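Step one of this worksheet: look at the structure below.
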Amino acid sequence: MFSPREKETFKGAQKGLERCSQMYKKYFIADLVNGLDRLEGSTVRVCGWLHNLRDVGRIKFLVVRDRTGTIQAVFKRGCCGEEEFRRIGKLRLETVLCVEGVLARGRTREGVEVKGERVEILSEPVEPLPLEPATSLEAGLATRLNYRWLDTRNPWVNGIFRFEALVAKAFRDYFRERGFVEIFTSKIVAAGTESGAEVFPVIYFGREAYLAQSPQFYKQMAVIGGFERVFEIGPVFRAEPHHTTRHLTEYHSLDIEMGFIEGPEDVMAEVEGFFRKIKEYAEKDPDARAVLEQHGAGEIRIPRTGIPRLSIRDAYKILEEEYGKHLPWGEDLDSEAERLLGEYASKTFDSDFIFITEYPWNARPFYTMRLEDEPDWTTGFDLLYRGLEVVTGSQREHRYEVLVSNLHDKGLNPESFKFYLDFFKHGAPPHGGAGMGLERIVMQTLRLNNIREARLLPRDPERLLP
RNA sequence: GCCGCGGUAGUAUAGCCUGGCCUAGUAUGCGGGCCUGUCAAGCCCGUGACCCGGGUUCAAAUCCCGGCCGCGGCGCCA
């Protein structure tokens, strides 16, 4: 804890707080840095957080930070009253303030500085900082998450979420362009989507309900309901007690579902188009480029000829022959196998991505369409991104009788899926779709080592706050 | 859920194996002082910690047990 003296000092700090005379912030710091030619010599107002303070006696340097960058303000003795000047040297880090002064060329990293004339304090910390944004990456992730509002002031951290927003935009833009309609489905549901997976129960006016673990059934309903092609960005909830670097109990799913397809290849083509869109945006958008650079992420590699496709049966062979890893025929891939196949794609195809297709029936949910002549195998596919599963999709079974028999085949009772089966009774086009993990895409693109980094407020089996 | 490792000032760490020399070291932050161009500024002074509970022992940060939390692996998944 903080010493009583420290606390006492901070209590006093609130006195003498100035009223803010002018709230609107006209320029971001990057605007000033980039607009030097136009703005040099004019009086500007820089608002943000006090990132650093270097007091060299009769000259004081304030580094002010906002979302877009940092800028140095210089205060020399005589710039303002003696008392004011003294007070500037005593400012605490992360004080929210506005500096007024003349924008000038300067011997700084940015090549710009503000000849400070006045400091307006908008808000001061009331206790010593538990985490310093400038160096928050030196702290453990748990500590950083406990003080996320300080952590996200760090540009490296903030960049993750600006990039995440761009991925979401790429998703919306791409699928709208492709004729998909955005839908918003309920997250309070009466039954779990896929048998076996853990759900969070909620009490719904005295009845048992669950948080949706996937919009799967509803996006299919929307296709059948005449929308033909739909997409959704929404939270999904999984009550699995994972302790790994790639699982969350709540994450954002990017879902698509499309009608009138010939096969799973039509879905894969759209998924691939979306990842090309991310690549395009990441390379075009200056902020995204800066974030990728700052994270040392490197380029997103998608072969010109297309993302390679590999049937899981061929994958078994490659794992056996190239890596000496044996998986029983018809088993799902484990995480090591996914990592190895990612490596294989990188080395063989110079690709960060590889589609694994025709997953075995016993590893896929009942609504997956099986291959016509090989019912032990399905139209189900995964997309591995740098060795991690980021997308799962398939053609769905749209024939009512086949769905019922598939349920039986899985040992499930069609009665408990009646509400879903009813969708298929009145004309359902052949369709398919995919679900993608937003945080996983961001994690892989920026090469983060824990998915919690890619989630503003992560939830895991232990963490429920902040 | 199972398995492994861990928990020391606000933060990050040293010390733990081999109990006593720990009045718990270091860096940074925080508080005070000096300094006319710093840019992870520098220098001086100060402040502040052994996760919780039980046990072993003359003696526990150190050894043992339980709990909570953290990091990671597995299963499962996006």
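This one's a predicted model, so the numbers in the text were calculated from it and none came from an experiment. Chain identifiers are assigned alphabetically (A, B, ...) following the order of the sequence lines, protein sequences preceding nucleic acid strands; residue numbering begins at 1 within each chain.
Heavy-atom minimum distance, A:R301 versus A:D352: N-OD2, 2.7 Å. In plain terms, the two heavy atoms of A:L448 and A:A454 that are nearest each other are CD1-CB, 3.9 Å. Between A:L93 and A:P125, the shortest heavy-atom contact is O-CG, 3.5 Å.
Residue-to-nucleotide proximity on RNA chain B shows that, of A:D332 and A:H243, the 5′-proximal contact is made by A:H243. Summary of the strand contacts: A:V63 and A:L131 both lie near RNA chain B, and taking for each the nucleotide with the nearest heavy atom, the more 5' one is attributed to A:L131.
Stem regions annotated for RNA chain B: B:1-7 with B:68-74, B:10-13 with B:25-28, B:29-34 with B:42-47, B:51-55 with B:63-67, counting only runs of 3 or more consecutive pairs of Watson-Crick or G-U type with both contacts under 3.5 Å.
Within 4.0 Å of A:R77, counting heavy atoms only, lies no atom of the nucleic acid at all. In this structure, A:K60 reaches neither bases nor backbone, as no heavy-atom distance under 4.0 Å exists between it and the strands shown. At the heavy-atom level, A:D55 lies under 4.0 Å from base atoms of the strands shown.
We find that CG of A:L248 is positioned 12 Å from C1' of B:C77, with the value rounded to whole Å. Going from atom CD1 of A:I59 over to atom C1' of B:G37 covers 5 Å, rounded to whole Å. Rounded to a whole Å, the CG atom of A:L388 is 8 Å from the C1' atom of B:A78. Remark: C1' of B:G75 and CG of A:L327 are 14 Å apart, rounded to the nearest angstrom.
Distance check on atom P: B:G67 versus B:G4 gives 13 Å, rounded to whole Å. Spacing of P atoms, B:G32 relative to B:U13, comes out at 29 Å, to the nearest Å. Using P as the reference atom, B:G15 and B:C51 are 15 Å apart when rounded to the nearest Å. Nucleotides B:C21 and B:A60 are separated by 16 Å at their C1' atoms, to the nearest Å. Across the C1' atoms, B:C76 and B:G1 are found 11 Å apart, a figure rounded to whole Å. Using P as the reference atom, B:U47 and B:C69 are 36 Å apart when rounded to the nearest Å. When the P atom is used for both B:C50 and B:U38, the distance is 41 Å, rounded to whole Å. Nucleotides B:C16 and B:C22 are separated by 12 Å at their C1' atoms, to the nearest Å.
The side chain of A:K76 has B:G37 as its nearest neighbour among B:G37, B:C35, B:C71. Here the side chain of A:L93 is nearest to one of B:C30, B:G75, B:G72, namely B:C30. Listed nucleotides B:C76, B:G73, B:G33 differ in distance to A:K90; the shortest reach to its side chain belongs to B:G33. In the set B:C76, B:C39, B:A78, B:C39 carries the atom at the smallest distance from any side-chain atom of A:R54.
Remark: the A:E336 side chain and the B:G73 base include no donor-acceptor N/O pair separated by less than 3.5 Å. On a pure distance criterion of 3.5 Å, no polar donor-acceptor pair joins the side chain of A:E132 and the base of B:U28. Counting atom types as modelled, A:H247 pairs a side-chain N or O with a base atom of B:C76 as donor and acceptor under 3.5 Å.
For the pair A:F61 and B:G37, the ring geometry does not qualify as stacking, because the centroid separation below 5.5 Å and plane angle under 30° are not jointly satisfied.
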I'd like a table of atom pairs between the protein and nucleotides 66-69 of chain B - only N or O on both sides, under 3.5 Å - with the distance next to each one.
none

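Once rounded to the nearest 0.5 Å, the distance linking OG1 of A:T185 with OH of A:Y218 reads 8.0 Å.
The side chain to side chain donor-acceptor pair (under 3.5 Å) with A:Y174 is formed by just one residue from the set A:K277, A:K169, A:R276, A:E270; it is A:E270.
A donor-acceptor pair under 3.5 Å is absent between the side-chain atoms of A:H431 and the main chain of A:Q395, judged by distance alone. A donor-acceptor contact shorter than 3.5 Å links the side chain of A:E272 to the backbone of A:I307.
Note on A:T108: every side-chain N or O is 4.0 Å or more away from OP1 and OP2 of B:G37.
Atom CZ of A:R459 has more than 12 heavy atoms from other residues, nucleotides or ligands within 6.0 Å.
Side chains of A:M268 and A:T357 form a contact here, defined as non-hydrogen atoms less than 4.5 Å apart.
Remark: A:E138, A:A139, A:G140, A:A142, A:T143 in residues 138-148 of chain A come within less than 4.0 Å of RNA chain B through at least one heavy atom.
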